[in-house]
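Remarks on the structure that follows.
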Amino acid sequence: MSDGASVDGSPADAARPPLRAVDGCAHLHPARRHPWAEVPPAAADRMRAAVLDTSDDIIEQVRAQIAEYALSMNGVFGQNIRRGVSVALEQFLQLLGTDADLPDTRVYFELGRVEHRHGRTMDALQTAYRVGTRVLWRRISAGSDDYGLTPDDIFRLAEALFAYTEQLAAASVAGYAHEQSLTAGSRQARRHALVSALMRTPPPEGPELERLARDAEWALPRRLTVLVCDEESLQAVCRRMPPDAIGARVDGLGVVVVPDPEAPGRADDLAEATAGVTAVVGPTVGTDQIARAVTRARSAWPLVAAGEIVPVEGPTRGNRPPSRLVRSDDHLLALLLHADVSVTADLVAQRLEPLRRMTASARDRAVETLRAWLDAHGDVAEAAGTLHVHPQTVRYRLARLKESFAGALDDPVARLEVALALRFGMAFAPEPAVEG
């Protein structure tokens with residue numbers, strides 16, 4: 001048989017159970033996992049009366065030494081603590097001399113949950129475990145001569161007791177963390193409900209809004225704004241936002257409600273949160289005008305997504321990409337013209353009708369001339385400079401255009417409509433006439 005392998009091909013060492021020295025000889029014996037397995041089983045019967053008799057003393061010392069529990073031992077909470085002490089003592093005796101796991105830690109798991117529900121940290125309960133362990137050990141030590149235990153047995157018993165208490169405390173920590181996660185999930189659900197309610201038409205007002213904010217554990221701000229982005233970016237944006245901002249996925253969008261957006265440092269917070277993310281932020285409003293911020297941000301988002309509004313990248317911060325945050329108030333004219341697409345299309349069709357009768361080359365030249373002249377507020381010389389042509393050329397073109405537009409370019413309102421149609425309406429413009 002080759003070195004290093006067992007008969008079945010597994011490593012030779014793995015095939016041999018560990019050795020344990022007993023009475024000076026090496027015997028085959030499985031390794032024990034728990035320190036209470038090393039305590040003589042007979043010790044449990046000898047100590048039973050003394051151990052179980054410490055229950056009231058433990059409760060008394062817990063109340064005396066832990067302020068949080070001084071007035072809390074009545075009612076359900078007190079019953080849970082007493083039950084926890086009683087079960088702990090009985091289970092400890094049952095484990096002595098065995099290598100069994102703790103049979104039931106649900107009581108201690110629930111104690112941890114109760115601590116979180118009462119708004120306490122784990123400090124008080126952890127201290128209670130230490131107090132209880134000290135009280136029990138003093139009682140056991142005082143009667144050690146009556147239990148027939150050797151000094152080594154007493155040492156193992158102490159090790160078993162402290163290891164046992166650690167496992168009870170760990171179960172309570174797990175219960176506390178579990179309740180904490182449930183509470184966080186529940187609060188997030190309530191905050192999602194609040195954001196969803198703010199996005200509806202009309203949004204909640206007065207008492208309903210105050211109730212939703214209270215349920216969500218969110219301090220209703222004096223002023224706020226609404227930020228929208230794509231769903232995939234919401235988590236990253238929320239993670240970088242200050243903790244008082246709340247977000248949720250609503251109707252296929254990521255939505256973040258930002259309190260006090262004009263407060264010092266908020267502009268930097270928004271830029272930081274939207275690094276590498278395209279987002280739209282509505283106007284800053286009071287809580288009585290939430291609908292305006294919601295409508296503005298939601299109206300601007302599809303224009304940004306379609307490229308009608310192009311985000312201006314902010315400065316780069318460290319290694320992060322620049323912010324691509326669009327402020328809807330900077331694009332009110334675009335929002336106005338896209339508020340009713342049919343009206344905009346009619347305006348374009350009406351005011352740009354003369355262009356449809358032109359050939360493609362003539363139309364391009366007419367559009368170029370009109371834009372330069374309108375941007376120059378009617379200054380022919382400035383328009384000529386923009387077009388790199390002689391002023392007389394501009395005058396000649398304008399004369400032809402005024403004739404084509406039938407006086408509309410001499411009327412202030414009609415001229416404004418032509419300018420708006422040129423600026424935003426090329427997507428609605430009719431096809432030019434075919435040359436030839």
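For the pair Lys402 and Asp410, the salt-bridge criterion is met [side-chain N within less than 4.0 Å of a carboxylate O]. A salt bridge links Glu208 with Arg200: the distance from a Lys NZ or Arg NE/NH1/NH2 to an Asp or Glu carboxylate oxygen falls below 4.0 Å. Asp251 has a carboxylate O that lies under 4.0 Å from a charged side-chain N of Arg298, or vice versa, which qualifies the two as a salt bridge. In this structure, Glu272 does not pair ionically with Arg240, as no charged nitrogen and carboxylate oxygen lie closer than 4.0 Å. The pair Arg266-Asp269 counts as a salt bridge, with a side-chain nitrogen and a carboxylate oxygen less than 4.0 angstrom apart. A salt bridge between Arg156 and Glu159 is absent, with no side-chain N of the basic residue lying under 4.0 Å from a carboxylate O of the acidic one. Salt bridge annotation for Asp104-Arg106: present, with a cationic side-chain nitrogen under 4.0 angstrom from a carboxylate oxygen.
Annotation: Gln94, atom CD; neighbour count of heavy atoms from other residues, nucleotides and ligands within 6.0 Å is above 12. When the shell of 6.0 Å around CD of Glu231 is examined, it contains more than 12 heavy atoms from other residues, nucleotides or ligands. For Arg48, the CZ atom counts as densely surrounded, since its 6.0 Å shell holds more than 12 non-hydrogen atoms of other residues, nucleotides or ligands. More than 12 non-hydrogen atoms from other residues, nucleotides or ligands lie less than 6.0 angstrom from CZ of Phe162.
Phe92 CZ to Ile140 CD1: the interatomic distance, rounded to the nearest 0.5 Å, is 5.5 Å. Between Leu212 atom CG and Trp218 atom CH2 the span is 11.0 Å, to the nearest 0.5 Å. Remark: Glu368 CD to Trp373 CH2 distance equals 15.5 Å, nearest 0.5 Å. Here the CD atom belonging to Gln188 is positioned 8.5 Å from the CD1 atom belonging to Ile246, to the nearest 0.5 angstrom. A distance of 5.5 Å separates OH of Tyr129 from CG of Leu111, quoted to the nearest 0.5 Å. Taking CG of Leu401 as the reference point, atom CE of Met358 lies at 5.5 Å (rounded to 0.5 Å).
Taking both residues in full, the closest heavy atoms of Gly286 and Arg223 are given as N-NH1, 3.9 Å, listed atom of the first, atom of the second, then distance. Of all heavy-atom pairs between Pro221 and Asp260, the closest is CB-OD1, 4.1 Å. When all heavy atoms of Pro243 and Arg191 are compared, the pair lying nearest together is O-NH1, 4.1 Å. Scanning all heavy atoms of the two residues, the minimum distance from Leu422 to Arg371 falls at O-NH2, 2.9 Å.
For the residue pair Thr133 / Thr165, a side-chain donor-acceptor distance below 3.5 Å is found, with atom types taken as modelled.
In this structure a side-chain-to-backbone donor-acceptor pair under 3.5 Å is present from Thr225 to Pro283. Within the 3.5 Å criterion, the main-chain N or O of Val173 finds no donor-acceptor partner in the side chain of Tyr108. Distance alone, capped at 3.5 Å, places no donor-acceptor pair between the Thr295 side chain and the Arg292 backbone. With hydrogens and angles disregarded, a donor-acceptor distance shorter than 3.5 Å links the side chain of Trp36 to the backbone of Ala100.
Annotation: side chain of Leu198 is in contact with side chain of Leu209 (closest heavy-atom distance under 4.5 Å).
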